[in-house]
Amino acid sequence: MPTPEEQLAILKRGAAQIISEQDLLAKLKLGRPLNVKLGVDPTAPDIHLGFTVGLTKLRQFQDLGHQAILIIGDFTAMIGDPSGRSKTRKQLTHDDVMRNATTFKEQAFKILDPAKTRVVFNGEWFEMMTFDQVMKLNSRVTMQQMLQREDFKKRIDEKEPVFLHEIQYPIMQGWDSVMIKADIELGGTDQLFNCLVGRDLQREEGQPQQVVFLLPLLEGLDGVNKMSKSLGNYVGLAETPEIMFGKLMSITDTLMARYYDLLLCESVPADLHPMEAKKQLAARIVARYHGEEAGKRGRDDFESRFSKKDLSTVELPALPLAGLAPDIVSIVSAAYSVCFQIAKSRGDARRLVEQGSIQLDGEKVSDPKATPAFAAGQVLKLDKTRSVRLA
RNA sequence: GGGUAGAUACCGAAGUGGCCAAACGGGGCGGACUGUAAAUCCGCUGGCUUACGCCUUCAUUGGUUCGAAUCCAAUUCUGCCCA
């Protein structure tokens, strides 16, 4: 096992903020496995790479011999973390949450070592709490402390409501730390406040205070905003190897360095051409969620599609020609809706044709009036990333 | 409750009777160039149409007018000021 100093050096990589580094080192010097907490709220059934940054760090702790504790916030998810929110979250039912929790666990164990992970649901303790216990807990935090939060302050300034249940959230998250005697809590930078409440409550309970270990929020594919479903700049863990690979290849070199840091905990290999480095990154991430084989497949698919521009061997969605008008605009528009569930107006489709995006078996078709002799087996290229095979 | 300013397409924002499907910027999309990278350049960005053009759209409803995003009235919502 590496020395505490060595461990610190390994762990520090990619961290946004550690409160505090000295405390962390001191804890590492205790020479026992530390309780490392990561709380996740199963609010959505599908998760993306942004969510895996914390898990990756947790895995690192695990590999160094520490105890990973994954808290599934079945109770807290129903409230909804107000962090960084300009609006109240919609409340979920316990059933919704438990359904999501199953997927979460499944995905989490693609990164964590299941044998060395303790999974707990915070409903375990919150469900049992009586009202006077809740009041007691509440009496330890002041309104003023809660209102210091930037997101609440902003909402009050902007005359957006802040509901009382929302200010319970940090208290609950903090209480989780007490219940599991956390030595370290991992979280995104937006979790700072919540994690600090955990320290306060631990002190009140006479426990040693946890180290707060914050990770940056992963930028999305656009390289600017944080990865989020609503911005459409995400890579979903459930996406196919080909899509995942392709999405990862579209990032900039700067962003690639970030992804190496945060998703692989490594530096970009300096001796490789940036494109090769990116292909390796993509293949490894795909492999993590879909297996080694899929990583290779993603790469092969990508290379024949884009490097060799050879679509003949690539698997493509099929577009049945039967019943379609024989002009190119109709076919293109149908291809989008049938094969990709994308609504393209005829105007849009015509624009693509006129602007030279459409290719039939490698030949550009730029006349919207064209009625080529379509035949089954031909490849119709729609845009940079989408093609279909006629059937 | 009183006053006042406003509500325009994905977002920001011009337009204040016809030349408005609506400037400009951002975003998005396509092309060229590439490493499906970045940067750069060009083009597109309500619907239908080969096109002339037609249709729907500037908060909602009704009105004035040959003609309304633009004028009037009512309604809804929002900002600011006063109480």
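Letters A, B, ... mirror the listed sequences (proteins, then strands); counts begin at 1.
Remark: B/rA74 base-pairs with B/rU60; criterion is Watson-Crick or G-U wobble with both hydrogen-bond distances under 3.5 Å. Nucleotide B/rA22: unpaired (no Watson-Crick or G-U wobble partner with both distances less than 3.5 Å). Under the Watson-Crick or G-U wobble criterion, with both distances below 3.5 Å, B/rU34 is left unpaired in every strand shown. The pairing partner recorded for B/rG67 is none, the criterion being a Watson-Crick or G-U wobble arrangement whose two distances lie under 3.5 angstrom. Pairing of B/rU4, defined by two Watson-Crick or G-U wobble distances under 3.5 Å, is identified with B/rG79. Under the Watson-Crick and G-U wobble criteria, each requiring two contacts below 3.5 Å, nucleotide B/rG43 is paired to B/rC29.
Regarding A/Arg351, its CZ atom lies at a distance of 14 Å from the P atom of B/rU50, rounded to whole Å. As rounded to whole Å, 12 Å separates atom C1' of B/rG28 from atom CG of A/Asp222. For the pair A/Asp383 CG and B/rG43 P, the computed distance is 21 Å after rounding to whole Å. Nucleotide B/rG31 holds its C1' atom 13 Å from the CD atom of A/Glu354, rounded to whole Å. Whole-Å rounding puts the A/Arg346 CZ to B/rG46 P distance at 17 Å. The interatomic distance linking A/Leu352 (CG) with B/rG30 (P) rounds to 7 Å, in whole Å. Atom CG in A/Asp348 sits roughly 14 Å away from atom C1' in B/rG43 (whole-Å rounding).
Nucleotides B/rU78 and B/rU8 are separated by 14 Å at their P atoms, to the nearest Å. B/rG26 and B/rA74 have their C1' atoms separated by 37 Å, given to the nearest Å. B/rG12 and B/rG18 have their P atoms separated by 26 Å, given to the nearest Å. B/rG15 and B/rG6: their C1' atoms are spaced 15 Å apart (whole Å). Straight-line distance between the C1' atoms of B/rC20 and B/rC29: roughly 25 Å, to the nearest whole Å. Atom name P, nucleotides B/rC55 and B/rG67: the rounded distance is 15 Å, in whole Å. Separation of the P atoms belonging to B/rU34 and B/rA21 is 42 Å when rounded to the nearest angstrom. Comparing B/rU57 with B/rG46, their C1' atoms sit 7 Å apart, to the nearest whole Å.
Between the side chains of A/Arg13 and A/Ser267, at least one donor N or O sits under 3.5 Å from an acceptor N or O. A/Gln173 and A/Glu185 form a side-chain donor-acceptor contact under 3.5 Å, judged by distance and modelled atom types alone.
Through ILVMFWY side-chain contacts below 4.5 Å, A/Leu272 is grouped with nothing and stands alone. Cluster note: A/Val338 groups with A/Leu319, A/Leu321, A/Leu324, A/Ile328, A/Val329, A/Ile331, A/Val332, A/Tyr336, A/Phe340, A/Ile342, A/Leu352, A/Val353, A/Ile358, A/Leu360, A/Val365, A/Phe374, A/Leu380, A/Leu382, A/Val388, A/Leu390 through ILVMFWY side-chain heavy atoms spaced under 4.5 Å, whether in direct contact or through intervening members.
Residues A/Arg297 and A/Glu242 are paired through a salt bridge, judged by an N-O separation under 4.0 Å between the basic side chain and the carboxylate.
Taking side-chain N and O atoms only, A/Ser345 has a distance below 4.0 Å to OP1 or OP2 of B/rC48.
In this structure, the side chain of A/Lys278 does not engage the main chain of A/Met256 through any donor-acceptor pair within 3.5 Å.
Linking Ile, Leu, Val, Met, Phe, Trp and Tyr residues whenever their side-chain heavy atoms come within less than 4.5 Å places A/Phe245 and A/Met227 in a single cluster.
As judged by a 4.0 angstrom heavy-atom cut-off over every strand, A/Arg350 is placed among the base-contacting residues.
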*Mark up nucleotides 32-42 of chain B, 5' to 3', with B wherever a protein heavy atom is under 4.0 angstrom from a base atom, S wherever such an atom reaches only the sugar-phosphate, and - elsewhere.*
S--BBBS----
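Contact check for A/Arg389 versus A/Leu311: no side-chain heavy atoms found under the 4.5 Å cut-off.
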